[in-house]
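Report on the following structure.
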Amino acid sequence: RRLSSRFQTQMAEIYMKRGNYHAATKALLPIVDVCATDGWDRCHFWHLFRLACCQRKNGKIPAYLNTLTLCFGSHLEGMAPRAAAGALQRDFEAVVSHPQVSQLRLGISSFLETDLTVEPTSGGKSSMLLSFVRKKLLKSFCKVGEQVLVKLTVRSYLPNPISAAEISLLLVSF
């Protein structure tokens, strides 16, 4: 897989030199998927960066936004050169305000990590594994009228600080 990815990377670079960013994007998409699972995080960041460059030239804003969100995460923290990560974050912030994406909601975003802690309640707890997000879902049971203390921690993997105008928390009853 790595040898094939290397050849595809070289093809993508040739396409980019010729100005054919659509073909370069097509060549880079499968490589990004391979690098996401093989543990070569520096290569993964480099391929994401090159894919983002091509998608930026193509002008397909939603796809570009998706790639930008993949450029930041716990597995890539410290892998990206500071200048590249800063440039990607500036683009990310600009793209989020674009009219084509104002109604988009990102699914599970790797650039933010949340931790919700519920202090012990009278009803106890139970847990189950959610494999698609590699997280454990913890259910806390409480009685009607009982006060519950909840702590929410949000960690950003963006290289520069951000501020949020609004954060929503949805509680679901089971």
Side-chain angles (χ1 to χ4, degrees), residues 1-17 21 24-98 101 104-118 127 129-138 150-169:
R1 289 178 1 170
R2 287 187 182 154
L3 182 62
S4 173
S5 295
R6 198 168 174 188
F7 289 139
Q8 284 180 286
T9 300
Q10 290 174 353
M11 288 302 301
E13 292 294 331
I14 291 168
Y15 289 138
M16 284 183 255
K17 285 185 188 280
Y21 297 104
T25 299
K26 262 180 96 171
L28 285 168
L29 280 170
I31 299 168
V32 167
D33 290 339
V34 168
C35 288
T37 59
D38 76 357
W40 283 34
D41 292 333
R42 284 195 197 279
C43 288
H44 186 214
F45 176 79
W46 173 249
H47 290 113
L48 281 169
F49 181 77
R50 296 306 283 159
L51 176 61
C53 292
C54 292
Q55 288 175 326
R56 188 173 199 257
K57 296 276 189 178
N58 284 339
K60 295 184 179 171
I61 304 296
Y64 180 46
L65 177 62
N66 185 54
T67 300
L68 286 173
T69 63
L70 297 174
C71 289
F72 309 103
S74 59
H75 63 292
L76 295 175
E77 189 175 40
M79 296 290 157
R82 196 148 186 74
L88 288 169
Q89 182 176 346
R90 285 189 298 278
D91 254 16
F92 176 72
E93 291 173 4
V95 168
V96 167
S97 63
H98 194 279
V101 297
L104 287 179
R105 296 292 177 252
L106 301 175
I108 300 164
S109 301
S110 60
F111 66 94
L112 291 177
E113 187 175 279
T114 59
D115 184 39
L116 185 71
T117 307
V118 179
S127 64
L129 185 64
L130 291 177
S131 60
F132 66 93
V133 290
R134 296 185 200 127
K135 294 278 183 178
K136 185 169 60 171
L137 176 66
L138 186 62
V150 178
K151 296 177 186 174
L152 175 65
T153 305
V154 180
R155 178 179 165 123
S156 168
Y157 290 103
L158 296 169
N160 301 312
I162 58 170
S163 63
E166 183 178 321
I167 295 177
S168 298
L169 178 63

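We're numbering straight along the sequence, starting at 1.
Contact check for Glu13 versus Arg50: side-chain heavy atoms found under the 4.5 Å cut-off. Between Glu93 and Ile162 there is a side-chain heavy-atom pair separated by less than 4.5 Å.
Atoms NZ and CG, from Lys60 and Leu65 in turn, are 15.5 Å apart once rounded to the nearest 0.5 Å. Going from atom SG of Cys43 over to atom CE of Met79 covers 10.5 Å, rounded to the nearest 0.5 Å. Summarising the geometry, atom OH belonging to Tyr64 is positioned 11.0 Å from atom SG belonging to Cys54; distances are rounded to the nearest 0.5 Å.
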Exercise for the section: Check the pair Leu51, Leu70 against side chain to side chain contact (heavy atoms under 4.5 Å, CB included), reporting the backbone distance first and the verdict last. Expected result: CA-CA 11 Å; Leu51 176 61; Leu70 297 174; over 6 Å; no
Exercise for the section: Decide side chain to side chain contact (heavy atoms under 4.5 Å, CB included) for Val32 and His44; before the verdict, give the C-alpha distance in whole Å, the side-chain angles of both, and the deciding distance to 0.1 Å. Expected result: CA-CA 6 Å; Val32 167; His44 186 214; 4.0 Å; yes
Exercise for the section: Apply side chain to side chain contact (heavy atoms under 4.5 Å, CB included) to the pair Phe45 and Leu88, showing each step before the final yes or no. Expected result: CA-CA 11 Å; Phe45 176 79; Leu88 288 169; 3.7 Å; yes
Practice task
Could you go through the side chain to side chain contact (heavy atoms under 4.5 Å, CB included) check for Phe111 and Leu68 one step at a time?
Solution key: CA-CA 9 Å; Phe111 66 94; Leu68 286 173; over 6 Å; no
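Here the closest non-hydrogen pair linking Leu28 and Ala12 is CG-CB, 3.7 Å. Considering all non-hydrogen atoms of both residues, Gln55 and Ala63 come closest at OE1-O, 3.4 Å. For the residue pair Pro159 and Phe72, the shortest heavy atom distance occurs at CD-CE2, 3.5 Å. Looking at every heavy atom in both residues, Met16 comes nearest to Tyr21 through O-OH, 3.8 Å.
Looking at Glu113, its side chain never comes within 3.5 Å of a backbone N or O of Ser74 through a donor-acceptor pair.
Of the candidates Thr69, Val154, Leu158, Val154 is the only one forming a side chain to side chain contact (heavy atoms under 4.5 Å, CB included) with Leu112.
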